[in-house]
Amino acid sequence: MDKVRLSDGEYVRIEGPAMVEVLRGSLYLLGAQYETGAKVTILRARRVVAKAISDTELSLVLGPGGFADKPKAGEEMIDEWDSKLNISLKGSVVVVMGAMDSGKTTITTILVNKAASMGLKVGVVDADPGQNDLGPPTTITCSVLKSGRITHLSFMIPLRQVFIGSTNLEGNWHRAVYAVTKLVDYLRGREGADLIVVNTDGWVEGEGAIEYKRALVTAVKPSYVIVMRKGDEVDGLVKGLSQWNTLVLNAPPSMRVRDRNDRKIHRDMGYGRYLSPSRDLTLSLSQVNVVNMPITGRRLDERLARLISTYLKVKPIYVDALKNMVMVVSSSVKEPTLRSIPGGVALILQPNWENGLLVGLEDVDGFLVSLAVLRRIYYNAGKIVVTVPRRLSNAELASVRSIRVGSIRVNEQFEEVDKFSIIYRVERILSDAPFPSSQRS
Ligand SMILES: Nc1ncnc2c1ncn2[C@@H]1O[C@H](COP(=O)(O)OP(=O)(O)O)[C@@H](O)[C@H]1O
Ligand SMILES: [Mg+2]
């Protein structure tokens, strides 16, 4: 155990895992104030900066990899952040943007603590489906804090989630706009949140990113957009958001950064933590429907199936159809393929295409009931076998109405191994198509 003495106004930087106890004095940490006797936990791989607001003594217990030091002059942003965050919180919606490791999660935590200390009910939407703090990867999750204070967003309890199906929003951001809007409405309408903070993903550079962020603020209509700035990476974004009330905050120069591998490990741990211990479950296509693929469990009329297969020159194992899309399962292809056919589109999939795909099990309102992993579809029996967390209750399982297929494949250890990116195109074709009435016999 180490003791740290701080004079009034002095900073200490702590990297977890660490347990901090205020032995004497008072500490300001992530928008909350801790007095003598208070204990705080800093998680592994998180770095926080605290400020003494009187002569203060701390006891520090550091875990493996944890450390503490004092930032040099000009290295710390607490005061700058605090003065810029002097905004009206009650009744506001704040969207936090910025590149990866720019401090979005930290700012979100600060806003949550500030509002909670004022007695406000705070809602958070975690819209960073790759590096989530609240839910598992591939989801957008909301939560509320009614009282107390937190040192990390992951200490909040997930309340409602929407399945996004990917950890990267490029090619899939319309779904994120839908999800964030739905959860903001939920927090405002159903939970009566006084402040809603939306934490976003780190995709900020380039036309696509700016288009997405503009669509997001247009849908959510925030009172403030906070943009975290490391360098010139957010200049285009800030320009693109010029009609909105934008606050630009500088990231501290000594930010802890995660590399690609760190990020993947973080996600893999996220899937594993969520899904294990697990069990297999059989769902019937007569009770749940697949919302974003032409899988109905009702084989397409024999004559039509033969006609389509001949046209495509493939030997079919199974043929199904939804709207203007036909799905053909066939050993003739090695990878998922889309081809146009008269009157529509054919999706040709290799046998076993489904094994390991992450899917969302959704309720009647489109909220996620549980993440699951697709194992096998028994076309003739109309059954789908999925791996789900063992903790799921019967009531939760009974609320499942539909399955949404995602774009990530995991192995038996729930580690990302492969992508099923064709799902975005399939989804788009299906959602654009009208529903013809005369397709099925
Ligand atoms: N003032 C600070 N000084 C140094 N590191 C910090 C500071 N604030 C936060 N960090 C650390 O920097 C990393 C990235 O911050 P985070 O808020 O998670 O960014 P983002 O959500 O944008 O990825 C985290 O490990 C966090 O603990
Ligand atoms: Mg974050």
Side-chain angles (χ1 to χ4, degrees), residues 163 165 280-364 366 369 372-388 397-398 400-407 409 418 420-441:
F163 183 60
D280 281 359
L281 172 77
T282 303
L283 298 166
S284 171
L285 282 168
S286 60
Q287 272 144 12
V288 299
N289 68 313
V290 178
V291 285
N292 59 344
M293 283 187 72
I295 305 171
T296 66
R298 285 159 290 156
R299 203 174 261 280
L300 191 69
D301 163 67
E302 193 69 36
R303 221 167 33 95
L304 198 50
R306 210 173 317 125
L307 216 63
I308 290 167
S309 314
T310 310
Y311 181 88
L312 293 169
K313 299 192 180 65
V314 296
K315 209 165 152 250
I317 294 166
Y318 178 74
V319 184
D320 202 331
L322 182 68
K323 297 183 175 180
N324 64 339
M325 189 181 287
V326 175
M327 178 182 81
V328 183
V329 179
S330 166
S331 309
S332 315
V333 294
K334 292 281 163 289
E335 56 181 15
T337 311
L338 274 170
R339 285 178 52 191
S340 58
I341 53 173
V345 181
L347 169 64
I348 318 170
L349 297 168
Q350 72 281 20
N352 210 25
W353 63 272
E354 70 273 34
N355 186 22
L357 287 183
L358 274 178
V359 297
L361 307 182
E362 297 179 340
D363 68 11
V364 68
V369 177
V373 179
L374 210 50
R375 290 298 169 206
R376 187 141 182 208
I377 305 179
Y378 293 93
Y379 300 104
N380 291 331
K383 304 272 190 222
I384 297 190
V385 178
V386 293
T387 300
V388 294
L397 290 175
V400 175
R401 289 289 174 281
S402 47
I403 300 180
R404 183 176 297 273
V405 178
S407 71
R409 196 185 307 277
D418 183 9
F420 185 67
S421 306
I422 204 160
I423 190 69
Y424 303 140
R425 280 157 67 201
V426 170
E427 222 169 56
R428 208 166 315 133
I429 294 166
L430 282 175
S431 62
D432 288 348
F435 221 120
S437 51
S438 60
Q439 201 169 56
R440 200 176 303 273
S441 61

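Taking 4.5 Å as the limit, some side-chain heavy atom of V290 sits within range of a side-chain heavy atom of I384. Counting only heavy atoms from C-beta outward, the side chains of P336 and I423 never approach each other to under 4.5 Å. Within the 4.5 Å cutoff, the side chain of V386 has no heavy atoms near those of the V373 side chain. Within the 4.5 Å cutoff, no side-chain heavy atoms of D320 are placed close to those of R299.
Checking side-chain atoms of D363 against main-chain N and O of V400 turns up no donor-acceptor pair under 3.5 Å. A donor-acceptor contact shorter than 3.5 Å links the side chain of E354 to the backbone of I377.
Summarising the geometry of L285 relative to G297, their closest heavy-atom pair is CD1-CA, 3.5 Å, with the distance given to 0.1 Å. The two residues P316 and V328 have their closest heavy-atom pair at CB-CG1, 3.9 Å. S309 and V319 get closest at one heavy-atom pair: OG-CG2, 4.3 Å. Of all the heavy atoms in P351 and I317, the pair that sits closest is CG-CD1, 3.6 Å. Nearest heavy atoms, N324 versus G343: CB-O, 4.0 Å. Across every non-hydrogen atom of G406 and F420, the tightest pair is O-CD2, 3.8 Å.
Side-chain contact, Y378 with N380: no donor N or O sits under 3.5 Å from an acceptor N or O. No side-chain N or O of N289 forms a donor-acceptor pair with one of R401 less than 3.5 Å apart.
Taking CG of L430 as the start and CE of M325 as the end, the distance is 4.5 Å to the nearest 0.5 Å. Taking CG of L347 as the start and CH2 of W353 as the end, the distance is 8.0 Å to the nearest 0.5 Å. With values rounded to the nearest 0.5 angstrom, L338 atom CG is found 4.0 Å from I422 atom CD1. Atom-to-atom distance recorded for T387:OG1 and D280:CG is 4.0 Å, nearest 0.5 angstrom. The distance from atom OG of S431 to atom NZ of K323, rounded to the nearest 0.5 Å, is 7.0 Å. Interatomic distance, OH of Y379 versus CZ of R298, reported as 15.5 Å (0.5 Å rounding).
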Show your working on side-chain contact (heavy atoms from CB on, under 4.5 Å) between R375 and N355 and close with a plain yes or no. CA-CA 5 Å; R375 290 298 169 206; N355 186 22; 3.5 Å; yes
Dump the intermediate steps for side-chain contact (heavy atoms from CB on, under 4.5 Å) on L397 and V369, then the final yes or no. CA-CA 8 Å; L397 290 175; V369 177; over 6 Å; no
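Residues satisfying the side chain to side chain contact (heavy atoms under 4.5 Å, CB included) criterion with T282, sequence neighbours excluded, are K383, V385.
Evaluated for a side chain to side chain contact (heavy atoms under 4.5 Å, CB included) with M293, the options V359, I403, L349 yield exactly one hit, L349.
For residues 327-348, the pairs satisfying side chain to side chain donor-acceptor pair (under 3.5 Å) are S330-S332, with sequence neighbours left out.
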